[in-house]
Amino acid sequence: MPELPEVERARAVIEAVALGRRIVTVDDADTYVCRPHAPGEIAAALTGRALTRAYRRGKTMWVDTDGGPVLGLHLGMAGRIVVDEPPAPNRWDRFVLEFDDGGRLALRDKRRLGRALLEPDLSRLGPDAARMGRETFRARIGAGRAPIKARLLDQHAIAGVGNLLADEVLWRAGIDPRRPTGDLSTAELDRLRRDLRASVRDATRQGGVHTGRFIRDRRVQTHCPRCGGELAKGVVGGRTTWWCPAEQA
DNA sequence: ACCTATGTTGATAC
DNA sequence: GGTATCAACATAGG
């Protein structure tokens with residue numbers, strides 16, 4: 001589930017209900033989710049601290065603590081942040097903070113591809129997709145020969161776009177996902193940026209990328225929501241890709 | 001049973 | 001350097 005809109009909602013939840021609460025216990029026993037830390041390392045650094053601010057860039061979140069280290073959080077492919085919910089079965093709560101008021105914050109993730117670590121490295125993360133200016137977008141997205149969809153998925157170039165959101169915005173903008181980036185006109189790049197920002201805004205408000213018109217519709221049928229034509233399916237940038245061959249050129 | 005698919009990222013190879 | 005491929009993880013479904 002988690003692309004930029006889902007992560008922003010998770011960040012907002014942390015901001016709204018988890019800041020200022022004193023941490024008394026940390027479960028960092030999952031050495032894969034908490035890599036490269038050894039069990040107990042994150043616990044030692046965070047016990048007695050409180051979270052003070054929650055940030056996000058692309059799909060990466062990080063949280064400041066009062067006098068302690070920064071805690072990085074990533075939802076991976078199936079992770080969620082849950083606050084003050086009873087523990088999940090099957091050890092799906094991969095990383096847990098317990099507060100002195102009896103509440104808890106958990107990274108709940110069936111797949112274990114989520115991440116919790118101290119002092120995350122953000123240096124290789126591109127600018128946030130929702131806050132990218134026109135000039136920056138043109139420069140970072142418009143150069144090179146990769147298929148445009150592959151570029152949108154490249155977190156070093158632009159942070160926050162995942163497989164579903166990429167299909168949604170390319171459909172909205174009427175651009176073939178296989179087009180080489182360098183072949184896009186300035187007008188097409190500007191349109192793409194506009195549609196991307198709109199898609200992110202809508203999805204964040206409505207609860208996630210699956211609420212997008214193209215993505216939502218595709219769950220029940222494989223026709224274009226606009227023209228009704230049969231959608232095409234293929235692999236672009238290594239990911240399953242759907243598009244409308246009649247409208248996306 | 002076995003095979004495929006799945007919203008992620010990172011390492012590796014060309 | 002840019003791009004493509006595969007592996008990491010665990011679950012769901014045909």
Side-chain angles (χ1 to χ4, degrees), chain A residues 1-11 29-36 56-62 72-81 88-95 106-117 120-126 128-129 139-171 177-184 196 199-200 202-204 206-220 222 231 233-243:
Chain A
M1 236 154 60
E3 301 188 33
L4 192 159
E6 287 84 356
V7 180
E8 172 54 27
R9 287 171 74 91
R11 189 207 64 79
D30 191 317
T31 55
Y32 187 74
V33 169
C34 296
R35 71 190 182 283
R56 178 195 61 75
R57 186 150 107 226
K59 306 172 197 171
T60 297
M61 288 180 283
W62 65 99
L73 294 168
H74 197 291
L75 300 179
M77 208 164 185
R80 300 191 288 144
I81 296 294
N90 305 318
R91 309 193 49 100
W92 285 335
D93 289 344
R94 310 294 181 180
F95 175 79
L107 169 58
R108 184 165 296 176
D109 180 13
K110 292 186 181 183
R111 300 271 308 266
R112 276 178 92 200
L113 291 168
R115 239 8 234 285
L117 79 168
D121 175 19
L122 307 172
S123 65
R124 288 186 299 276
L125 206 53
D128 188 77
R140 299 184 76 97
I141 305 301
R145 299 300 299 168
I148 179 60
K149 176 168 177 182
R151 179 61 50 82
L152 289 174
L153 295 176
D154 180 353
Q155 305 299 303
H156 311 304
I158 174 172
V161 181
N163 194 41
L164 298 185
L165 189 55
D167 281 0
E168 174 81 26
V169 301
L170 288 167
W171 173 78
R178 302 166 298 179
R179 287 267 297 286
T181 52
D183 287 358
L184 297 179
L196 172 56
S199 296
V200 167
D202 293 349
T204 303
Q206 294 169 33
V209 292
H210 62 276
T211 62
R213 187 172 172 212
F214 182 72
I215 297 305
R216 172 169 35 92
D217 210 71
R218 211 202 63 218
R219 300 181 126 187
V220 291
T222 58
L231 295 179
K233 181 189 181 186
V235 175
V236 181
R239 313 294 304 278
T240 298
T241 300
W242 294 84
W243 72 97

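Each chain gets a letter, A, B and so on, in the order the sequences are listed, and its residues count up from 1. What's counted below: heavy atoms across the whole structure, side chains too, no hydrogens, waters or symmetry copies.
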With sequence neighbours left out, the residues meeting ring pair (Phe, Tyr, Trp, His ring centres under 6.0 Å) with A/Trp62 are A/Tyr55
Does OP1 or OP2 of B/dT8 have a side-chain N or O of A/His74 closer than 4.0 Å? no
Who are the side chain to side chain contact (heavy atoms under 4.5 Å, CB included) partners of A/Arg140, not counting sequence neighbours? A/Pro127, A/Met132, A/Thr136
Expressed in whole Å, how much space separates the P atoms belonging to B/dG7 and C/dT3? 22 Å
Check: protein-nucleotides 11-14 of chain C nitrogen or oxygen pairs below 3.5 Å:
{"residue": "C/dT11", "atom": "OP1", "partner": "A/Trp92", "partner atom": "NE1", "Å": "3.1"}

Are any of A/Thr240's side-chain N or O atoms less than 4.0 Å away from OP1 or OP2 of B/dA5? no
Would you mind reading off the distance between A/Arg218 atom CZ and B/dT6 atom P, rounded to a whole angstrom? 8 Å
Take the protein atom CG of A/Asp167 and the nucleotide atom P of B/dT8, then report the distance between them rounded to whole Å. 11 Å
Sequence neighbours excluded, which residues qualify as side chain to side chain donor-acceptor pair (under 3.5 Å) partners of A/Arg179? A/Glu188
Can you measure A/Leu125 atom CG to B/dT8 atom P for me and round it to whole angstrom units? 14 Å
Distance check, P atoms only: B/dT12 and C/dC9, in whole angstrom units. 16 Å
Which residues pass the side chain to side chain donor-acceptor pair (under 3.5 Å) test with A/Arg213, sequence neighbours left out? none
Stretch residues 144-152 of chain A: residues that reach within less than 4.0 Å of DNA chain B through a heavy atom: none
Sort by first number and list every stem of DNA chain C: at least 3 consecutive Watson-Crick or G-U wobble pairs, both distances under 3.5 Å. B:2-6 with C:10-14, B:8-14 with C:2-8
A/Lys149: salt bridge (charged side-chain N to carboxylate O under 4.0 Å, His left out) partners, not counting sequence neighbours: A/Asp167
Spacing between A/Glu8 atom CD and B/dG7 atom P, to the nearest angstrom: 22 Å
My understanding is that only residues two or more places apart in sequence, or in another chain, count here; which of them pass ring pair (Phe, Tyr, Trp, His ring centres under 6.0 Å) with A/Phe95? none
Whole Å only: how far is the CZ atom of A/Arg35 from the P atom of B/dT8? 16 Å
salt_bridge(A/Arg9, A/Glu6) N-O dist < 4.0 Å: no
Can you name the residues that form a side chain to side chain donor-acceptor pair (under 3.5 Å) with A/Asp202, not counting sequence neighbours? A/Arg172, A/Arg205
For a quick test of reading the model, state the closest non-hydrogen atom pair linking A/Gly79 to A/Asp109 and the distance between them. N-OD1, 3.7 Å
With sequence neighbours excluded, what pairs up with A/Trp243 under the ring pair (Phe, Tyr, Trp, His ring centres under 6.0 Å) test? none
A/Asn163 CG to B/dT6 P, in whole Å, measures 8 Å
Measure from the side-chain heavy atoms of A/Gln155 and tell me the nearest of B/dT9, B/dG7, C/dC9. B/dT9
Please list, chain by chain and in numerical order, all residues satisfying salt bridge (charged side-chain N to carboxylate O under 4.0 Å, His left out) with A/Arg108, sequence neighbours excluded. A/Glu85, A/Asp93
Is the backbone of A/Val161 close enough, under 3.5 Å, to the side chain of A/Lys59 for a donor and an acceptor to pair up by distance? yes
For A/Leu4 and B/dT9, what is the distance between atoms CG and P respectively, to the nearest whole Å? 11 Å
Span that lies between the P atom of B/dC3 and that of C/dA7, in whole angstrom: 15 Å
Looking only at the side chain of A/Lys59 (C-beta and beyond, no hydrogens), which of the listed nucleotides C/dA10, B/dT9, C/dA8 gets closest? B/dT9
Strictly below 4.0 Å: does A/Arg239 bring a side-chain N or O up to OP1 or OP2 of B/dT8? yes
d(CZ, A/Arg108; P, C/dA10) in whole Å: 17 Å
